[in-house]
Amino acid sequence: MAANKVTLNNGLECPVLGLGTWQSKDNPGVVEQAIRDAIDSGYRHFDCAFIYGNEKEIGKAIREKIAEGVIKREDLFIVTKLWNNSHRQEKIVPACKQSLKNFGLDYIDLYLIHWPTGYKDLGKDLFGFVDEKGNSLEDNVDFIETWKGMEQCFKLGLTKSIGLSNFNSQQIDRILSIAKIKPVINQIECHPNLNQKKLINFCKERDIAITAYSPLGSPKRLWAKPDDSQVAIDHPIIAKIGEKYKKSPAQVVLRYLIEIGTIPVPKSSSKMRIEENIKVFDFKLTSEEIKEIDKLDSGLRVCPALEMKNHKDYPFNIEF
């Protein structure tokens with residue numbers, strides 16, 4: 001089963017469901033096999049990022065499938081992201097070229113600014129937002145400058161589209177006020193516990209599509225507290241709807257996210273889950289069922305990025 005497609009504001013088509021690849025770097029063989037299984041299952045959209053540390057493995061699996069004749073490069077929609085330590089204009093094109101080198105590809109389909117928050121060199125693991133004395137490594141670079149570097153990546157043909165990730169409404173409008181090339185997508189955390197209806201509508205009014213990361217609410221998140229709100233995928237409402245359509249809770253949640261206008265990118269390394277997650281185009285939810293799932297919105301953010309909360313451009317200090 002192949003995913004339906006949505007047309008972006010630049011005329012390119014993006015499959016409305018993709019495979020997420022975060023947390024898949026510790027076992028290279030696993031992520032390679034996940035990509036192979038996903039392609040065989042009909043996936044053509046792959047959501048990647050430099051910071052995930054697995055672009056080389058993902059590229060290897062993709063190139064193998066192309067060599068086998070299973071797919072053509074033009075059939076795929078490959079996404080990757082600029083990390084926080086490369087926000088200065090002179091670093092952006094080299095960072096994009098490094099990702100292309102990692103993938104072993106000539107171009108990517110969508111290049112995103114991963115976060116609006118720029119930092120200086122972040123050390124070996126690129127996650128050190130403070131130095132050894134606890135001082136912030138925040139860079140005072142303006143993400144407006146970053147966007148101009150993203151536009152240069154497009155002009156050089158390194159990427160067919162550019163966009164944003166984790167940007168709030170005010171930050172998006174700042175980008176739009178100076179953009180010569182409009183962002184096609186804003187990728188945000190989105191699931192029934194955080195349905196992001198206001199930000200989705202805001203972006204829709206500006207013809208910017210929404211990719212939903214952590215679409216299943218990261219039920220295995222290691223940082224969850226015992227008193228966290230119930231993860232939506234485990235909620236009786238989801239189970240009841242699933243019974244009606246003979247679908248799993250995950251399939252119901254993914255269908256819901258598609259119905260409310262997002263492009264979910266569930267992550268899995270299980271062949272069974274990968275195959276299951278894409279089988280969401282043979283049923284639709286009723287408006288009443290969508291309203292029932294809407295009620296599960298509790299504002300629970302599983303990726304609050306608190307390590308960046310003191311940054312001047314931390315995106316989650318306003319409602320949306």
Side-chain angles (χ1 to χ4, degrees), residues 20 22-23 25 47 49-53 80-92 95 111-150 162-179 183 185-191 193-196 198-200 202-203 208 210-214 217-218 221-229 297-320:
W22 180 54
Q23 286 186 326
K25 71 175 181 178
D47 182 66
F50 174 78
I51 195 61
Y52 299 168
T80 198
K81 309 179 189 80
L82 177 81
W83 188 233
N84 300 340
N85 63 333
S86 298
H87 275 214
R88 291 199 168 269
Q89 203 162 343
E90 67 273 11
K91 293 184 176 182
I92 297 166
Y111 198 39
L112 304 176
I113 302 177
H114 205 150
W115 292 88
T117 48
Y119 285 85
K120 300 169 187 174
D121 185 25
L122 296 174
K124 186 177 180 181
D125 65 0
L126 302 182
F127 272 108
F129 296 99
V130 295
D131 64 19
E132 63 277 4
K133 295 181 180 178
N135 300 312
S136 174
L137 288 170
E138 178 179 338
D139 193 347
N140 63 1
V141 63
D142 192 328
F143 55 73
I144 292 297
E145 175 183 332
T146 310
W147 186 253
K148 292 176 182 177
M150 299 291 282
I162 50 178
L164 309 170
S165 179
N166 297 298
F167 275 60
N168 65 35
S169 59
Q170 294 175 3
Q171 293 167 335
I172 293 166
D173 269 349
R174 277 201 72 214
I175 292 289
L176 291 175
S177 72
I178 59 90
I185 273 177
N186 185 28
Q187 181 172 137
I188 57 175
E189 178 182 340
C190 186
H191 44 78
N193 291 128
L194 185 73
N195 68 31
Q196 299 271 28
K198 290 184 178 179
L199 189 51
I200 291 170
F202 175 91
C203 288
I208 297 171
I210 292 286
T211 301
Y213 74 76
S214 295
S218 295
R221 62 197 190 284
L222 301 178
W223 53 89
K225 298 176 183 176
D227 59 349
D228 267 348
S229 302
D297 183 32
S298 61
L300 175 65
R301 191 181 291 278
V302 299
C303 187
L306 295 178
E307 64 274 18
M308 305 182 207
K309 66 180 178 180
N310 294 321
H311 194 288
K312 64 181 175 62
D313 293 319
Y314 179 69
F316 307 141
N317 285 329
I318 64 173
E319 184 183 1
F320 68 95

Between [Y] and [X], is there a side-chain heavy-atom distance shorter than 4.5 Å?
X    : Y    : result
F316 : N166 : yes
I144 : R174 : yes
K120 : R88  : no
C190 : I200 : yes
Q170 : D173 : no
F50  : H114 : no
Q171 : L164 : no
I92  : T146 : yes

Measuring from [X]:[atom1] to [Y]:[atom2], what's the distance to the nearest 0.5 Å?
X    : Y    : atom1 : atom2 : answer
F143 : N84  : CZ    : CG    : 13.0 Å
D121 : D131 : CG    : CG    : 11.5 Å
L112 : I185 : CG    : CD1   : 7.0 Å
E189 : N195 : CD    : CG    : 11.5 Å
I162 : Y111 : CD1   : OH    : 11.0 Å
L306 : F129 : CG    : CZ    : 11.5 Å

(Q) Out of the candidates P116, P315, C203, only one should pair with F167 under the side chain to side chain contact (heavy atoms under 4.5 Å, CB included) rule; please name it. (A) P116
Do [X] side-chain atoms and [Y] backbone N/O form a donor-acceptor pair below 3.5 Å?
X    : Y    : answer
H87  : L82  : no
T117 : Y314 : no
S169 : F320 : yes
N186 : G163 : no
T211 : Q187 : no
E145 : Q89  : yes
E138 : K312 : yes

Q. Got more than 12 heavy atoms from elsewhere within 6.0 Å of NZ, K91?
A. yes
Q: Evaluate side-chain contact (heavy atoms from CB on, under 4.5 Å) for D47 paired with K81, printing each intermediate quantity in order.
A: CA-CA 9 Å; D47 182 66; K81 309 179 189 80; 3.0 Å; yes
Q. How far apart are the C-alpha atoms of L194 and I188, what are their side-chain angles, what is the distance that settles it, and do they pass the side-chain contact (heavy atoms from CB on, under 4.5 Å) test?
A. CA-CA 10 Å; L194 185 73; I188 57 175; over 6 Å; no
Q. Do Q196 and I210 pass the side-chain contact (heavy atoms from CB on, under 4.5 Å) test, and can you show the C-alpha distance, the side-chain angles, and the key distance before you say yes or no?
A. CA-CA 10 Å; Q196 299 271 28; I210 292 286; over 6 Å; no
Q. Looking only at heavy atoms, what is the nearest atom pair of P183 and L176, with distance?
A.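 It is CD-CD2, 3.8 Å.
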Q | Shortest non-hydrogen contact between A49 and T80, atoms and distance | A |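 Answer, listing the atom of A49 first, then T80: CA-OG1, 3.2 Å.
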Q) Ring centroid separation for Y119 and H311, is it under 6.0 angstrom? A) yes
